[in-house]
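One structure is given here, and the rest of the page talks about it.
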Amino acid sequence: AAMHPGGQVVNLLQSRRILPPDGPELPTPVVRQNFYKENCSPHIFRCTLGVIPKTPGLLQKSRLPLGILIHPYKDLSNLQVLSTSTIVRCRVCRSYINPFITFIDQMRWKCNLCDRTNDLPQDFFIDATTRSVGDPSRRPEVQSATLEYIAPSEYSLRPPQPAIYVFLLDISFNAIESRYLTVFCERLSAVLERLPGDARTQVSFIAFDSVVHFFQFETDWKMLSVPDIDDIFIPSTEGILVRLHENIQAIRELLSTIPDMFKGQRETQSCMGAAVQAAYRMLAGTGGRITVVQTCLPTIGPGALKSREDPNMRAAKEVNHLSPATDFYKSLALECSASQVAVDLFVLAGQYADLATISGISRYSSGWIHYYPSFNVVKHSAQVDKFQSELTRYLTRKIGFESVMRVRCTNGLSMHSFHGNFFVRSTDLLSLANVSPDAGFAVQIKMDETLSHTNSVDFQAALLYTSSRGERRIRVHTMHIPVSDSLPEIMASADQEAIACLIGKIAAERAFSTPMSDVRDGVVFACEDALSAYTQVARPSAGQLLAPYSLRLLPLFTQALLKSTALRLGVSTTLDLRTYTLLNLKAAPLFEEMMSIYPHLYAVHRIEATPLDQDGMPQLERLQLSAEYLERGGVYLLESVVHMILYVQKGVSPDWLNAALDVQSFMALQDRTTDIPALDTEVSYRLRAFISHRYAQRPLHPIVEVIKEDSKDRLLFLQYLHDDRLDTVASYQEFLTQISQKIKA
Ligand SMILES: [Zn+2]
């Protein structure tokens with residue numbers, strides 16, 4: 001057999017500088033047959049193995065996890081949308097016709113998931129674009145691994161719901177102190193016309209402290225307060241949930257008034273639970289989206305919580321209170337999900353808000369959680385940029401309502417467990433009250449039997465949803481993977497990023513119910529297993545720790561995952577920040593999850609001399625996360641899930657400082673400044689272009705912050721040097737030695 005392109009062997013102990021300068025390469029699927037078009041994009045669909053083992057025994061021998069990662073509703077610039085009278089699907093397994101089926105003759109096709117023969121409908125011979133009779137293989141359905149259908153009426157249980165948005169605003173003392181209302185109302189007002197929807201779009205506003213305040217729109221607006229939070233009701237059937245476009249003036253007026261309305265408010269209690277119940281009742285008949293902005297612990301009414309965090313335990317050897325204090329939020333989320341209502345949380349808390357408990361409202365209703373620790377417009381102005389930018393993306397990005405996603409695969413394989421924010425309706429069906437273009441999912445796959453009948457397998461994800469313009473649509477992605485009985489070939493095909501992300505998602509899921517030390521052990525075992533299995537393929541001699549080229553970064557990622565904010569021990573980490581990063585691991589698409597596993601590090605002090613790519617962007621090399629690669633006097637940009645740090649070392653060139661940050665010397669540079677000035681210099685232009693290009697690729701907007709080498713806060717940067725030893729936590733090199741010894745033993 002021909003050598004797989006990834007067939008080289010790497011001795012990890014002698015290859016310390018191992019991260020490629022442009023990051024881990026994308027998998028190149030092995031395709032043995034000529035298909036009509038190429039495979040599904042790796043930006044949408046990834047499998048942990050690029051070649052699937054023929055037998056369950058062989059899969060076990062490889063000791064690699066089998067799973068898929070999907071970013072199903074990702075923004076795409078070239079999506080093929082098809083309006084057709086018949087959607088061609090297998091009559092047995094109901095999968096959609098796709099590029100990897102086989103035409104038996106001009107009349108019939110063989111399903112690649114269940115092998116059954118199906119008839120082609122008459123109109124399949126008509127070329128959709130030219131309207132002429134032609135070869136069925138020219139149809140878009142068999143040309144494109146990603147396709148969106150406009151669904152006929154049989155795909156709807158009821159008329160498509162309109163876009164409905166309910167905004168729940170915390171107005172307790174904490175909320176007023178933070179002054180977030182000004183930012184929120186100004187942003188929402190600015191993008192009101194850009195909220196996804198049509199003439200039917202409806203909105204409603206609820207404010208809450210110790211009571212729930214509704215806003216009623218007639219010609220003007222008025223506030224209706226309901227103090228009975230233990231038995232909440234909607235005070236009027238008219239004018240509370242209203243059409244956006246018919247009331248846009250009154251809504252704008254309300255939004256400009258709210259920030260001043262509650263000034264001087266002293267009420268410290270917060271009845272978030274009752275407010276969400278009220279919003280849910282409003283939407284129970286239609287479905288929609290609830291957005292909650294919360295600034296403190298909910299303390300009164302249903303779902304009231306008590307502070308559980310012990311600040312002295314933030315660096316402890318075990319993490320307590322990651323499991324919810326009450327199942328109130330989960331139960332309410334399940335009710336919401338059943339009524340096609342999703343709840344998104346913006347937590348802008350100065351103090352502990354028990355994210356581990358309140359996030360249940362989003363986790364089980366296919367919502368999302370945004371987190372802004374110590375948000376304060378006056379004291380922490382940089383957070384305002386982050387909030388504004390992420391809120392704008394949130395309000396204007398596309399959205400799908402009343403959605404389900406089914407993942408099908410070739411017979412012999414089955415779905416084992418799902419990861420992400422959703423409700424599982426049956427073994428292969430996820431209920432998604434809302435679907436967001438920023439949500440990722442993963443599925444662990446079980447191999448039930450030998451794949452004797454086939455030399456390839458296919459995975460197909462079908463996302464059925466209602467668009468914001470009331471159209472029922474189905475987005476279908478199909479991924480094709482060959483099968484092999486050669487262990488070396490299977491191991492050479494491994495996708496190390498997909499494996500690291502699947503391990504990360506499993507760990508994050510477990511962390512909410514299992515002791516952190518067990519979760520961490522599980523992560524280490526997964527890495528050790530993969531490398532020890534490889535000793536059956538390549539026999540190491542003394543002083544060698546061998547990995548296939550395809551898995552050479554797995555120990556690096558594993559070690560980094562253990563040191564990430566989500567899973568670390570022994571480093572002070574607030575419970576809410578840990579919870580947030582765990583939730584992010586669990587539900588982020590691969591690209592974003594890799595950012596939390598192995599942040600990006602770039603040297604920017606020579607940015608002026610860096611070659612540009614075809615878009616005019618500096619091609620900065622990615623560096624491994626170790627002080628070993630930092631030069632004296634250098635300036636480094638560190639990008640993680642929550643940080644964008646510009647780390648400036650002593651001895652930096654004054655010319656660079658002048659050109660990039662408009663200061664004359666290291667001494668004169670202000671520590672923790674967030675202002676990267678727009679200067680008329682090549683350095684400034686390139687630096688800002690590079691940073692904004694990074695932002696353009698991500699839904700999150702980390703704050704750019706300058707940290708000086710002599711800063712008391714330099715740990716903010718140093719905590720990300722995951723390859724290095726940190727106090728009692730091993731370095732990458734030590735980690736390799738430990739694995740190497742365990743494998744031998
Ligand atoms: Zn079938």
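Keep in mind it's a predicted model, so treat the numbers as computed, not measured. Start at 1 and go down the list; that is how both ligands and their atoms are numbered.
- Thr48 meets the side chain to side chain contact (heavy atoms under 4.5 Å, CB included) test with Leu66, Ala498, Ile499, Leu502; sequence neighbours excluded.
- Remark: Arg89 fails to qualify as a cation-pi partner of Tyr155 under the 6.0 Å distance and 45° angle criteria applied to the six-membered ring.
- Because its NZ or CZ atom is both nearer than 6.0 Å to the ring centre of Tyr73 and within 45° of the ring axis, Lys398 counts as a cation-pi partner of that residue.
- With sequence neighbours excluded, the residues satisfying side chain to side chain contact (heavy atoms under 4.5 Å, CB included) with Phe591 are Met595, Arg694, Gln697, Arg698.
- Inside a sphere of radius 2.8 Å centred on the Zn ion (ligand 1), the protein N/O/S atoms present are Cys90 SG, Cys93 SG, Cys111 SG, Cys114 SG.
- For Tyr165, the ring-ring contact (aromatic ring centres under 6.0 Å, His included) test picks out no residue, with sequence neighbours left out.
- With a 6.0 Å cutoff to the six-membered ring centre and a 45° limit on the axis angle, Arg472 does not count as a cation-pi contact of Tyr465.
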